[in-house]
Amino acid sequence: DVADIGVTGMAVMGSNLARNFARNGFKVAIHNRSVGKTEKVIDSYGTEGEFYPSESAAEFVASLQKPRVAIIMVKAGGPTDAVIDELAELMDEGDIIVDAGNALYTDTIRRESALREKGLHFVGSGVSGGEEGALNGPSIMPGGTKESYDRLGPMFEKISAHVDGAPCCTHVGADGAGHFVKMVHNGIEYADMQVISEAYDLMSKALGKGASEIGDVFAEWNKGDLESFLIEITAEVLHHQDATSGKPFVDVILDQAAQKGTGAWTVQTALSLGVPVTGIAEATFARSTSGGTAQREAARAVLPAETQQLEISDEAQFVDDLQKALYAAKLVSYSQGFDEIAAGAKEFGWDINLGDMAKIWRGGCIIRAKFLNRITEAYDRNPELALLLADEYFTAEIAKCVPAWRRVVAYAAASGFPVPVFSSTLSYYDAVRAERLPAALVQAQRDYFGAHTYQRVDTEGTFHVEWSEDRRESKQD
Ligand code: 6PG
C-alpha cells in the first residue's frame, strides 16, 4: 500500500495519464483487465517514474495508500459501471473512485449517490486535451465532494496544464458538476470546429483558394484575437499534404463528420433546461447532415440552387469579414455554453464559478484559447452576469464584428453555401437583443387552438380569449 494514486484502463488515455502522474513524482499503481497492456506500459515507459503494476483488481486496490484514489479510464457506460462495482467491493470507507472518461453527468450523479451510501467518494472528472494533454498536462474538471478534492486536488493540479503559473484544474462542484462542465466544453468544441470549417469552406468556394493558402490565413488569424489550439491545428491540417496522392490532405478526406455523443448530450440537456445553444446545436446537426448519405444523395441530384453569385470585389476585405464573423459567432457559442452551465448549476444545485471554468480552459483542453481570459475577467467584474455577451468588453468586441458578420451570412445565403453556425449565432444575436419578438404571435396561436393562455404587455395576470365563441377575453387568475 505505497502508491499515491492508481489508474485502471491502460488504453492510450489511461496510460498517458498514469505516465503524467509518474513523471510528476507520484507513485502510480496501474491496472488493466488484460495484463498485456499493463506490461507494455512498464516495458515502454517503466523508467519514467515509479509504477506499481498489478494483475488483478484486488492487487491494484491493495497497492494504494489510504484513503485510496483509483482513477478509472475505460469506455463510458457499461464498462465503467462494471469497473466501479469491482473496485467498490474492494475499497474501504473514505476511499475515492474517479471516473475520468466522458461520462454523461446523470450517470455520474447516479453513481455518486450509490457509492456515497457505501461510504465511498465518487468523483466524475472531465479530462480534456486528448492523448497529448493526458501525458503533458490536460485541463481537469473534477466534480464530487470538497473532501475528495482536498485529497485529489494537489495531485490533479500538479499534473494539469498551467497558464501564467495557475493550474488548469479546480473543484467544479458536487457530484455530476465536473462531467456536466466537460460535456458543455465538448459542445463548444463542436461549435468552434464547425464555424472554423464554415470559414474554410467560404474561402475555398467563394474565393477559390487552395487548402494551403487557406492554411496561411488561419496561421495569420492565430496571431490575433482568434489565437487558439483549434485555429492552430486547422492551419497545420490545411498545410498537410497527403502522402499517397500528393493532394492537400483535407481534399482526400471523406466529408462525413463522426461524433461520439458529447455534442448531442450538450444539446439534449440544453433542450431540457430550456437554454438556446443554437451554435452548438447547429454544429452537431451539421455533423449529422454530413453523415446523412441517403439524404444528400437524394437532394444533390434534384434540388435547385437558384443562387445569386455575388461578386467579391475586395478579397482581403472578404477574408477580414470572415475573421470578424468567426470571432462573433464564437463569442455567441461560448456565451450560450456558459448559459447552459449556469442553468445546469441552478437545476442541480451546484456552486459553479463560471469565471473559474474559463480559467481552467485556458490551457490543456481542446478549446484552449487566448480570449478565455476575457471571459474570466467578465465574471470577475460581475459574477451575476446574466449574459456573457452583455459584458462591456464583449459588447465592444462584438460591435466591431457585426457588419462583417452580416455581410458573410448574407453572402453565403445568396450564394447557396451552408453556414449553419455563422447564421444561427447571428439570428440568436438579433433575437436576444430585439426589442420585441414574434413570440407574441406564437402565444396568441397557442391560446387559439389550445386555450394555453397568455399575458399582456399592459396588465398583470393570465388571460384567455374564447376564440370559438364570442371572442371575449377573460382573466384566468
Ligand atoms: C477533449 C475531447 C475529447 C474527445 C471528444 C471527441 O476534450 O479532449 O473533447 O473528449 O476528443 O470526445 O468527440 P467526438 O468524437 O464526438 O468528436
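Residue numbers count from 1 along this sequence. In each ligand, atom 1 is the first atom listed, and ligand 1 is the first ligand listed.
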Per-atom contacts, ligand 1 versus I366 - under 4.0 Å to a heavy atom: 1 (C), 2 (C), 7 (O), 8 (O)

H185 neighbourhood, listing ligand 1 atoms whose heavy-atom distance to it stays under 4.0 Å: 7 (O)

C365 touching ligand 1 at heavy-atom level, < 4.0 angstrom: no

Donor on one side chain, acceptor on other, N20 and N24, under 3.5 Å: yes

Pair Y379, D391: side-chain N/O donor-acceptor within cut-off below 3.5 Å: no

Give me the nearest non-hydrogen protein atom to [atom] as residue plus atom name, then the distance to 0.1 Å.
atom                    : answer
atom 11 (O) of ligand 1 : E189 OE2, 4.5 Å
atom 7 (O) of ligand 1  : S128 OG, 2.4 Å
atom 15 (O) of ligand 1 : K260 NZ, 3.0 Å
atom 16 (O) of ligand 1 : Y190 OH, 2.4 Å
atom 4 (C) of ligand 1  : N102 ND2, 4.4 Å
atom 5 (C) of ligand 1  : N186 ND2, 3.7 Å

Parallel, tilted or perpendicular, as decided by the 30° and 60° cut-offs, for the rings of F156 and F21: tilted

Could you check whether any side-chain heavy atom of [X] comes within less than 4.5 Å of a side-chain heavy atom of [Y], counting everything from C-beta outward?
X    : Y    : value
V163 : C168 : yes
Y105 : V181 : no
T376 : L372 : no

Indicate yes or no: does an N/O atom of [X] lie under 3.5 Å from an N/O atom of ligand 1?
X    : result
G129 : yes
G130 : yes
Q259 : no

Full working for side chain to side chain donor-acceptor pair (under 3.5 Å) between Q259 and T284: CA-CA 8 Å; Q259 48 185 315; T284 309; 5.4 Å; no

Side chain, backbone, both or neither: R287 near ligand 1, heavy atoms under 4.0 Å: side chain

Other residues, nucleotides, ligands: >12 heavy atoms within 6.0 Å of R23 CZ: yes

Option passing ring-ring contact (aromatic ring centres under 6.0 Å, His included) with W361 (candidates F371, F229, F338, Y334): F338

